[in-house]
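Given the structure is predicted, the values throughout are model-derived calculations rather than measurements. One-based numbering, in listed order, for ligands and for the atoms of each.
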Amino acid sequence: MANNVTMTQFLIEQQREYPGTSGTFTLLLNDIVTACKQISHKVNRGNLIGVLGSAESENVQGEVQKKLDIITNEIMVDALSWTGHLAGMVSEEVDEPIKIPPHYPKGKYLVLFDPLDGSSNIDINLTVGTIFSILRAREGVDPEPEDFLRKGAEQVCAGFVLYGPSTMMVLTTGHGVNGFTLDQDIGEFILTHSNMTIPEDTSEFAINMSNQRFWEEPVRHYIDECVQGKDGPRGKNFNMRWIASLVAEVYRILTRGGIFMYPYDTRDPKKPCKLRLMYEANPVAFIVEQAGGACTTGRERMLDVKPQSLHQRVPVILGSKNEVERIVKYHQEGW
Ligand code: AFP
């Protein structure tokens with residue numbers, strides 16, 4: 001592909017390789033891109049336009065919302081409702097599925113999204129992101145919640161946008177993973193990272209160590225071995241990272257390998273996991289697998305998990321394949 005390839009050109013050229021595609025999909029992705037450009041602008045201007053800090057409200061998860069959680073959710077819904085490419089949406093910030101207003105046509109796709117992942121980092125000017133997952137819909141009808149509860153393996157596309165030192169979009173449509181950087185001068189995402197792949201081995205793990213006493217034994221055993229370093233059973237030193245922003249962790253792993261874990265823990269029996277299956281775990285699992293990595297709950301391949309509810313939480317272990325397989329083996333061995 002030539003240089004300075006815009007995302008639109010990339011998608012259209014990719015579509016030509018797969019005859020029978022209608023082009024609606026490219027239009028839908030462009031709608032999402034337009035929304036993320038608006039979000040990038042808001043996030044970047046932050047205090048200059050008074051959008052930082054908390055809103056006096058809670059989302060369906062019982063979490064205090066940031067002003068930008070609400071603003072970014074509205075931007076996504078407004079940008080996607082009128083286009084005629086969607087039959088319905090699900091957002092981390094809204095309890096029920098979001099319907100397409102009756103005066104707009106309904107399309108053949110469903111979008112599930114976390115409008116602002118890592119929002120606890122927004123006030124400290126750290127990288128945050130938007131995560132999205134696209135499924136096919138039953139055309140022309142208002143989708144029931146069940147229409148969204150599909151295994152991650154049924155996704156037709158998944159992506160996330162990073163609002164960091166530069167704004168980037170990482171995307172898969174099931175044909176590898178590509179990264180695009182937003183050229184603020186021309187307002188276009190330009191292909192800068194073709195065929196991103198995750199090394200099978202790594203010496204870098206990411207986990208919130210402050211939860212160690214609540215982890216299950218297989219995870220505790222794995223981390224114990226890592227921190228023992230070259231004098232321990234792994235015979236090599238490991239480094240640790242924790243950004244508290246899933247998108248930034250996954251981008252680091254796509255760039256240089258690594259393993260990320262937000263495992264099952266016993267802190268709160270009502271909430272044994274943190275990350276949400278439908279709009280956090282499934283889209284990053286699709287991306288990680290397409291980049292040659294692996295993603296599991298510890299006991300099951302993430303993309304095979306049968307969803308039970310729109311906002312369900314799951315344990316997430318993802319990254320360099322050989323490390324993920326080692327942790328799965330520890331779960332199977334009943335550590
Ligand atoms: P927020 O969106 O509420 O900041 O949560 C971010 C997140 O879902 C994910 O992006 C991080 O990996 C994880 O939670 C951070 O969790 P801790 O706050 O427990 O470190």
Side-chain angles (χ1 to χ4, degrees), residues 36 39 42-43 46 51-55 57-73 75-76 90-94 112-133 158-164 168 170 204-216 219 223 240-254 258-268 270-285 287-288 293 295-298 302 310-319:
C36 292
I39 293 173
K42 294 276 187 201
V43 166
V51 296
L52 299 187
S54 290
S57 56
E58 281 190 1
N59 66 15
V60 60
Q61 336 274 348
E63 293 153 344
V64 175
Q65 291 175 303
K66 296 286 185 184
K67 290 180 189 169
L68 274 168
D69 283 323
I70 298 168
I71 292 167
T72 55
N73 183 63
I75 289 174
M76 288 291 281
V90 161
S91 166
E92 178 197 33
E93 300 302 329
V94 183
L112 304 95
F113 58 87
D114 177 354
L116 198 68
D117 173 59
S119 56
S120 61
N121 280 333
I122 195 73
D123 296 346
I124 56 172
N125 202 19
L126 269 183
T127 297
V128 293
T130 298
I131 312 175
F132 62 89
S133 166
F160 62 79
V161 176
L162 286 161
Y163 310 109
M168 289 197 65
V170 171
E204 194 166 58
F205 67 86
I207 194 167
N208 185 335
M209 292 293 285
S210 67
N211 299 328
Q212 185 167 24
R213 65 192 182 285
F214 302 111
W215 297 335
E216 292 181 303
V219 171
I223 295 295
M240 194 207 110
R241 287 285 181 274
W242 188 249
I243 308 172
S245 183
L246 177 63
V247 284
E249 312 272 10
V250 173
Y251 186 72
R252 180 189 64 247
I253 290 170
L254 285 165
I259 181 160
F260 166 90
M261 293 170 269
Y262 211 114
Y264 177 97
D265 69 47
T266 58
R267 265 179 301 171
D268 173 354
K270 289 196 302 305
K271 199 172 100 174
C273 313
K274 169 111 189 231
L275 302 182
R276 280 53 62 125
L277 174 63
M278 301 310 291
Y279 40 78
E280 289 183 312
N282 271 343
V284 296
I287 290 166
V288 164
C295 184
T296 175
T297 64
M302 191 62 70
L310 295 175
H311 301 285
Q312 86 180 72
R313 299 170 188 268
V314 285
V316 176
I317 297 168
L318 63 81

Report summary line: Atoms of ligand 1 under 4.0 Å from any heavy atom of Trp242, numbered from 1 in the order shown, are 15 (C), 20 (O)
Report task. Identify, for atom 2 (O) of ligand 1, the protein heavy atom at the shortest distance, and state residue, atom and that distance. Result -> Gly118 N, 3.0 Å
Report task. Could you tell me whether Leu246 approaches ligand 1 through its side chain, its backbone, both or neither, with non-hydrogen atoms closer than 4.0 Å? Result -> both
Requested in this report: Any atoms of ligand 1 less than 4.0 Å from a non-hydrogen atom of Asn208? List them with their elements.
Outcome: 17 (P), 19 (O), 20 (O)
Query raised in the report: Under 4.0 angstrom from ligand 1, any heavy atom of Glu280?
Result: yes
Query - Ser245 and ligand 1 - part of the residue with a heavy-atom distance under 4.0 Å - result: backbone
Query raised in the report: Does Arg252 come within less than 4.0 Å of Glu204, counting only side-chain N to carboxylate O?
Result: yes
Query raised in the report: Does the Thr130 side chain pair with the main chain of Leu116, one donor and one acceptor, at a distance under 3.5 Å?
Result: no
Query raised in the report: Quick check: does any side chain N or O of His311 sit under 3.5 Å from a backbone N or O of Glu93, one acting as donor and the other as acceptor?
Result: no
Query raised in the report: Is the closest side-chain donor-acceptor distance between Tyr264 and Thr297 under 3.5 Å?
Result: no
Query raised in the report: Can you tell me if Asp117 uses its side chain to pair, donor with acceptor, with the backbone of Ile131 under 3.5 Å?
Result: no
Query raised in the report: Which part of Lys274 is near ligand 1, with near meaning a heavy atom under 4.0 Å away: side chain, backbone, both or neither?
Result: side chain
Query raised in the report: Any donor-acceptor pair under 3.5 Å linking the side chain of Arg276 with the backbone of Arg313?
Result: no
Query raised in the report: Does ligand 1 have a heavy atom under 4.0 Å from the side chain of Asp114, from its backbone, from both, or from neither?
Result: neither
Query raised in the report: Considering only protein heavy atoms, which is closest to atom 19 (O) of ligand 1, and at what distance to one decimal place?
Result: Tyr262 OH, 2.6 Å
Report task. Provide, to 0.1 Å, the distance between atom 3 (O) of ligand 1 and the closest protein heavy atom, together with that atom's residue and name. Result -> Ser119 OG, 4.1 Å
Query raised in the report: Hey, does Glu249 have a side-chain heavy atom less than 4.5 Å from the side chain of Trp242?
Result: yes
Query raised in the report: Do Ser91 and Asn73 have side-chain atoms, one donor and one acceptor, less than 3.5 Å apart?
Result: yes
Query raised in the report: Ser120 heavy atoms, cut-off 4.0 Å: which ligand 1 atoms fall inside?
Result: 4 (O)
